[in-house]
Amino acid sequence: MTKRDWQPLDRSFYARDPRLVAPGLLGTLLAHGQAVGRIVETEAYLAADDPAAHAYRGRTKRTEVLFGPPGHAYVYRTRQHRCLNVVVQEEGVPGCVLVRAVEPVAGIGLMRSRRGDVPDSRLTDGPGKLCQALAIDMLHYGEDLCGKGKVSIFGGDHDVSEVRTTPRIGISQAKDWPLRYVFAA
DNA sequence: CTTACGATTCCC
DNA sequence: GGAATCGTAAGG
């Protein structure tokens, strides 16, 4: 075996601590139909004792899927935008990973038709922007990302170079925790 | 029912 | 720096 084909990430990949899954997702491909992006920025939200996590205040209708099995989509709204998370850890443990940015790989024309006439560099460089570019919305709440749904994440012969951590963006609690992951380069 | 508040984005 | 804008969650 030399080069591994791109294939949906297995559920066991997601059944781990968000601090392991978040960096592991860097370099993988997020796909919805013809629109594909390379994940380049993620954030970990911990299942317990993380005041910035949505699950911190318990199980509600919105956070329901976080308590389910790993590998499913947790989509939520903030202002007029959507954000995509992947549920991680075993069922009952509400850890998750927020996908904060991707680089356009395929379907760029489609992305621009949804995002407007912006440069490629601004097409998918934010959690709300990438959801708009890939047309990910509340319809995908709870969807299986392991290859059975319309939105999937593929791994394979991807970049596994060094990862750097920084504090998470846009939160008011646990501001200093180094749970944002980007490529070192 | 009422109120407060965003894991954001875009414009001034 | 500030507004847009609306569902969610909590409290009366």
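Letters A, B, ... mirror the listed sequences (proteins, then strands); counts begin at 1. Just so it is clear, the model here is predicted, and its values are computed rather than measured.
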(request) Report the distance from atom NE2 of A/His54 to atom C1' of C/dT8, rounded to the nearest whole Å. (result) 10 Å
(request) Among B/dA7, C/dA4, C/dA9, find the nucleotide with the atom closest to the side chain of A/Gln80. (result) C/dA4
(message) If I take atom CD in residue A/Glu64 and atom P in nucleotide C/dT8, what distance separates them, rounded to the nearest angstrom?
(response) 13 Å
(request) Check every strand shown and say whether A/Cys131 touches a base, only sugar-phosphate, or nothing at a heavy-atom separation below 4.0 Å. (result) nothing
(request) Please determine if a side-chain N or O atom of A/Thr60 lies less than 4.0 Å away from the OP1 or OP2 oxygen of C/dA9. (result) yes
(request) Among B/dT8, B/dT9, C/dC6, find the nucleotide with the atom closest to the side chain of A/Arg77. (result) C/dC6
(message) Let's see if you can work this out: which of C/dC6, B/dT8, B/dC10 has an atom nearest to the side-chain heavy atoms of A/Arg79?
(response) B/dT8
(request) Specify the separation, in whole Å, of atom CG of A/Leu123 and atom C1' of B/dT9. (result) 14 Å
(request) Inspect the contact between A/Arg38 and A/Glu103 and indicate whether a charged nitrogen and a carboxylate oxygen are less than 4.0 angstrom apart. (result) yes
(request) Check the distance between B/dG6's P and A/Tyr45's OH and give it to me in whole angstrom. (result) 13 Å
(message) Taking only side-chain N and O atoms of A/Lys61, does any of them lie within less than 4.0 angstrom of OP1 or OP2 on C/dG7?
(response) no
(request) Take atom CD of A/Gln132 and atom P of B/dT9, then tell me their distance rounded to the nearest Å. (result) 10 Å
(message) Tell me the interatomic distance from A/Arg57, atom CZ, to B/dA7, atom P, rounded to whole angstroms.
(response) 10 Å
(message) Tell me if a side-chain donor or acceptor on A/Thr124 pairs with a main-chain N or O of A/Leu130 at a distance below 3.5 Å.
(response) no
(message) Applying the Watson-Crick and G-U wobble criteria at under 3.5 Å, what pairs with B/dA7? Answer none if nothing qualifies.
(response) none
(request) Look at atom CZ of A/Arg122 and say whether more than 12 heavy atoms of other residues, nucleotides or ligands are closer to it than 6.0 Å. (result) no
(message) Is a donor from one side chain sitting under 3.5 angstrom from an acceptor on the other, for A/His54 and A/Tyr74?
(response) yes
(request) Please state how far atom OH in A/Tyr181 lies from atom C1' in B/dA7, giving the value in whole angstrom units. (result) 15 Å
(request) Taking the six-membered ring of A/Phe13 (Phe, Tyr or Trp), confirm whether the NZ or CZ of A/Arg16 is under 6.0 Å from its centre and within 45° of its axis. (result) yes
(request) Using the six-membered ring for Trp and the full ring for Phe, Tyr or His, decide whether A/Tyr76 stacks on the six-membered base ring of B/dA7 (centres under 5.5 Å, planes under 30°). (result) no
(request) Ignoring backbone atoms, establish whether A/Arg59 has a side-chain N or O less than 4.0 Å from OP1 or OP2 of C/dT8. (result) no
(message) Any base atoms under 4.0 Å from A/Arg180, or only sugar-phosphate, or nothing? Heavy atoms, all strands.
(response) nothing
(message) Without decimals, in angstroms, what is the distance between A/Leu84 CG and B/dT8 C1'?
(response) 15 Å
(message) Looking at A/Arg100, I'd like to know whether one of its side-chain N or O atoms comes within less than 4.0 Å of OP1 or OP2 on B/dT8.
(response) yes
(message) Whether A/Arg62 engages the ring of A/Tyr141 as a cation-pi pair (distance to the six-membered ring centre under 6.0 angstrom, angle to the ring normal within 45°) should be assessed.
(response) no
(request) Starting from the 5' end of DNA chain C, give me the residue, A/Arg62 or A/His81, whose nearest nucleotide shows up first. (result) A/His81
(message) Go nucleotide by nucleotide along DNA chain B from the 5' end; which of A/Ile171 and A/Arg122 gets its closest nucleotide reached first?
(response) A/Ile171
